[in-house]
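Here the structure comes first, spelled out in structure tokens, and everything after it is commentary.
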Amino acid sequence: MVTQTYVEPLGGEVYTLGIENDPIAKSRYKTSVDLTEDTVVITENLAASLKLSIGDQIEIEDDPFKIAEILKNAKGTGIAPDMMIFALERAKLFHNKELSYLNNETTALMVKTAEETDLIAMANEFQKVHPDLRVDIVEEDQAAKNNVNSLTLFIVILSILILIVTAIMVISNFDLFIYKNKNQFAIMRALGAKTAQLAKIIRIQSTMITGAGAFLGLAIAYTADQFLQPSFGRWFSVSLTQLSFAWEVAIPVLVVASLVIQLFLYIPVLKSSKILPLTILQENEELDFKNSGMQKAAIKILGISSLVSLLFGVILAVDESASAILILLSGFLLLTGLFLALPMLLTGLLNVLIPASKKFFSRNMSIALQNLKPQVKKNSFVILSISVVMIIAVFGSVMLSTIKQNNTNYISEQFPTSVVITSRIQQSEIDPIHLSGEVRNQVQGAQVASVSTFGGGELFVEDGTRSFDYTLGDLKALESTKVITDIGKENLAKAAIASPAFAKQHDVKVGDSLEIGIYSDEKQRAEYVTTMVVSAVSDAVGNGEVLFDWQAKALNTSSTNFNKAYVNTVDESLAMSSLETLTSMYPELIVNTHAAALKEASNMFLQRWAIFILVLIILVVSVMAGVLNTLLNNILAKRKEFAVLRTIGVRPMGIVKIIVTQISFYLLIGLVFGALCGLVFSLIVSLIDSGKVAFDFPLILGVAVSMWVVSLLIFIPVGWVMGNKKISMEILSDNK
């Protein structure tokens, strides 16, 4: 129930709700207590103004109430109104003479719908039953909807990418294990081992790896959720609700992820178990990578499918869900095609770089690149692992930066000036002209413009009347503070500034006359009061459909009271301290500053950002550990080759340069390829939600540089040690 109650310490009425003690109401208004007939919930700003805390008594409508809870004002979402919340049955007892025709019945109904409900169609059905009913669809709040959709999309895609990089790392290391033991497999096949027997050996090993990792991951997830979550809340300053572990979600995710990884592991299993002994001994030792026609055909099919899916998602999709699925499918198809094309691109790149290195660089670089060619096939998974980490870094930073930018834009729309003063009382008795003068006296050099609460008007048209909302304001001051760019008329008493939606709906343009009436409760019809002239059509008229000047006396009714004042000042902090005297004179006023709202929003963003950075650090460390281990094993497997190079005149420092060149080549290719794939993927996904995409290039560059520097710190000493070993011992060593 929506009403107003008279608060004795304030000396005025405050926006008031009566709610039932049910999950829907508690979720909507963020309460956690069961309200009784003598308790009340108030907002933080109101409690601060009245110097009250939980458990204190407050006099409302001549009755004492105990404060059961204080709700935090969500400054990070812009300007939030203050309110008082009572139990529904208690709120019905408050008698409001001006709203007596409602008989103190419920004035608002909250409906929780099924997930697949067509909310627009449902709202239309409600309005057919009662034409005067106003239906607010909470999910259609664009700023909140965009943020929730973006975060949900971010979590889903991040999970898929992490699963991909995990599968790639497991395949890479398992493939390396098979490569290092290929002599044993060749001997087993030569002694008569069957394909099924070798496949069973490798399958048992892969299943044990997957099973151990799955159950260990489940145990860590359960521990983190149940025991570490409170600590995360304190670290990131987030209020977290402790819930039971969602086994119904965790088990299906565990099974699906394990099956995906196990299916990927079957690739080296099937490949290694069916090859003949001599073929096994020759595998991965070719001096060039041969591209199959089937692989090229698959790349073309994936590219065409990605383009078709993108076109269908953007142009032909029947609804938002279908469009989002098709666009996501397009992005993943494109990534798959690029991943398949990577070995071909690497071979082509080496074919170009090797001749160039002989002409423009040292002999050691040429030798290093030449020795990479037979390793391209084997190390493609290593490069893909690095690339997927970069894709996650790019995509995650783009999504979070875009959310931050959208939230900043939303707050900026609510703060056309640096300071906005609002009234927490719906029927304020403050004279807006007098208040503007007081603000100018308190804050030297300030520009002030006031705006009213909503008024209900009736527009006379040929077939009757149409209802619309309007507000009153100081048009000249609004123009000088640049809240509105052009008021377009000198006779302010007759000027009407329309929103683009109002102008389109009623087919009006600048210069047209509007015959306006006010609905009479006594006569139960709209009565003509004045004629206004459209002086401008402005996007700045966002909350009300039409804006008039305070001088339009006929439209200044009991519902058009002071609502907010826009204040332009150079120094916000000085303005806040100067306005403390004003808020002590008028306790109903709340002073909101653009800087404070942005700071709160930034703190909320940092909570999400910190979690993403933590995930990214864990991911980078895990992947780099696997990548460096794989590359280190590859280098150690080539000890005999490095010894041969030393016998033909390559010095120890030359061995270091060869190893660093090879490692840097793989890292740089993986980082650049991953960054480009991440940018393309982010741009495709951004088509789901229209808006400007924000890139965090410092983070992307920081991840790339840190991975490269760590690799150098590890492999320079490794190269130096290998370059100084005894040649005779290295020549005789068995690297297999």
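These values consider heavy atoms only, across backbone and side chains, with no hydrogens, waters or symmetry-generated copies.
In terms of the side-chain contact (heavy atoms from CB on, under 4.5 Å) criterion, residue partners of T465 (sequence neighbours excluded) are, by chain and number, E458, F460, A526. For S418, the side-chain hydrogen bond (donor to acceptor under 3.5 Å, both in side chains) criterion is met by no residue, not counting sequence neighbours. E527 meets the side-chain contact (heavy atoms from CB on, under 4.5 Å) test with S520, K523, R525; sequence neighbours excluded. The ring-ring contact (aromatic ring centres under 6.0 Å, His included) check on F86 picks up F65, F94, with sequence neighbours excluded. Taking the ring-ring contact (aromatic ring centres under 6.0 Å, His included) definition, one finds that F468 meets it with F502, sequence neighbours left out. For T417, the side-chain contact (heavy atoms from CB on, under 4.5 Å) partners are V420, T481, V483, Y566, N568, not counting sequence neighbours.
Between the CG atom of D539 and the OG atom of S499 there is a distance of 9.0 Å, given to the nearest 0.5 Å. The line from CD of E89 to CD1 of I19 is 12.5 Å long, rounded to the nearest 0.5 Å. Rounding to the nearest 0.5 Å places CD1 of I433 at 7.5 Å from CH2 of W550. The CG atom of N563 lies 12.0 Å from the CD1 atom of I421; values are rounded to the nearest 0.5 Å. To the nearest 0.5 Å, the span separating OH on Y6 from CD1 on I60 amounts to 12.5 Å. With values rounded to the nearest 0.5 angstrom, I518 atom CD1 is found 8.0 Å from I516 atom CD1.
In this structure the side chain of I497 never reaches within 4.5 angstrom of the side chain of V534, judged on heavy atoms. Using a 4.5 Å cut-off on side-chain heavy atoms (C-beta onward), Q447 and K482 make no contact. Looking only at side-chain heavy atoms (C-beta outward), V7 and I58 come within less than 4.5 Å of each other. For the pair H506/L459, a side-chain contact is recorded, criterion being any heavy-atom separation below 4.5 Å from C-beta on. Counting heavy atoms from C-beta outward, R28 and M110 have side chains that approach closer than 4.5 Å. Taking 4.5 Å as the limit, some side-chain heavy atom of L579 sits within range of a side-chain heavy atom of V439. At least one side-chain heavy atom of L478 sits less than 4.5 Å from a side-chain heavy atom of V451. The shortest side-chain heavy-atom distance between H594 and S412 falls under the 4.5 Å cut-off.
When every heavy atom of F562 is checked against every heavy atom of L435, the shortest pair comes out as CZ-CD2, 3.3 Å. The two residues I24 and D22 make their nearest non-hydrogen contact at N-OD1, 3.0 Å. For the pair S686 and L683, the tightest heavy-atom approach, listed with the atom from each and the gap, is OG-O, 2.5 Å. Residues K30 and L71 come closest through the heavy atom pair O-CD2, 3.4 Å.
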Stepwise side-chain contact (heavy atoms from CB on, under 4.5 Å) check, S467 with Y519
CA-CA 9 Å; S467 300; Y519 189 84; over 6 Å; no
Can I67 and I42 be said to form a side-chain contact (heavy atoms from CB on, under 4.5 Å), step by step?
CA-CA 7 Å; I67 299 176; I42 65 176; 3.7 Å; yes
Could you check N592 against F415 for side-chain contact (heavy atoms from CB on, under 4.5 Å), going step by step and ending with a plain yes or no?
CA-CA 9 Å; N592 307 279; F415 284 89; 3.8 Å; yes
Stepwise salt bridge (Lys or Arg N to Asp or Glu O under 4.0 Å) check, D63 with R90:
CA-CA 11 Å; D63 288 328; R90 185 65 180 87; 2.8 Å; yes
Run the numbers on D549 and K494 for salt bridge (Lys or Arg N to Asp or Glu O under 4.0 Å), then give the verdict.
CA-CA 8 Å; D549 194 83; K494 292 294 182 181; over 6 Å; no
Residue pair Y470, F548: steps toward the ring-ring contact (aromatic ring centres under 6.0 Å, His included) verdict
CA-CA 7 Å; Y470 68 87; F548 304 111; 5.5 Å; yes
I'd like to know whether T531 forms a side-chain contact (heavy atoms from CB on, under 4.5 Å) with L514, so could you lay out the CA-CA distance, the side-chain angles of the two residues, the decisive distance to 0.1 Å, and finally the verdict.
CA-CA 5 Å; T531 298; L514 305 176; 6.0 Å; no
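Using a distance-only test at 3.5 Å, with no hydrogens or angles considered, no donor-acceptor pair links the side chain of T5 to the main chain of T16. At least one donor-acceptor pair under 3.5 Å links the side chain of N561 to the backbone N or O of S558. Side chain of T453 to backbone of S559: a donor-acceptor contact under 3.5 angstrom is found. Side-chain N or O atoms of R440 include one that pairs as donor or acceptor with a backbone N or O of V448 at under 3.5 Å. With hydrogens and angles disregarded, no donor-acceptor distance shorter than 3.5 Å links the side chain of S27 to the backbone of P23. Under a 3.5 Å cut-off, the side chain of N441 and the backbone N or O of G437 do form a donor-acceptor pair. No donor-acceptor distance shorter than 3.5 angstrom exists from the side chain of T39 to the backbone of L35, with no hydrogens or angles considered.
S452 and T560 share no donor-acceptor pair across their side chains, judged by distance under 3.5 Å alone. Counted by atom type alone, D38 and T36 present one or more donor-acceptor pairs between their side chains at under 3.5 Å. Side-chain contact annotation: T530 with K553, donor-acceptor N/O pair under 3.5 Å absent.
Crowding of F312 atom CZ: a count of heavy atoms from other residues, nucleotides or ligands under 6.0 Å not exceeding 12. Dense packing is recorded around CD of E69, with more than 12 heavy atoms of other residues, nucleotides or ligands lying under 6.0 Å away.
A salt bridge links D34 with K26: the closest approach of a Lys/Arg side-chain nitrogen to an acidic carboxylate oxygen falls below 4.0 angstrom.
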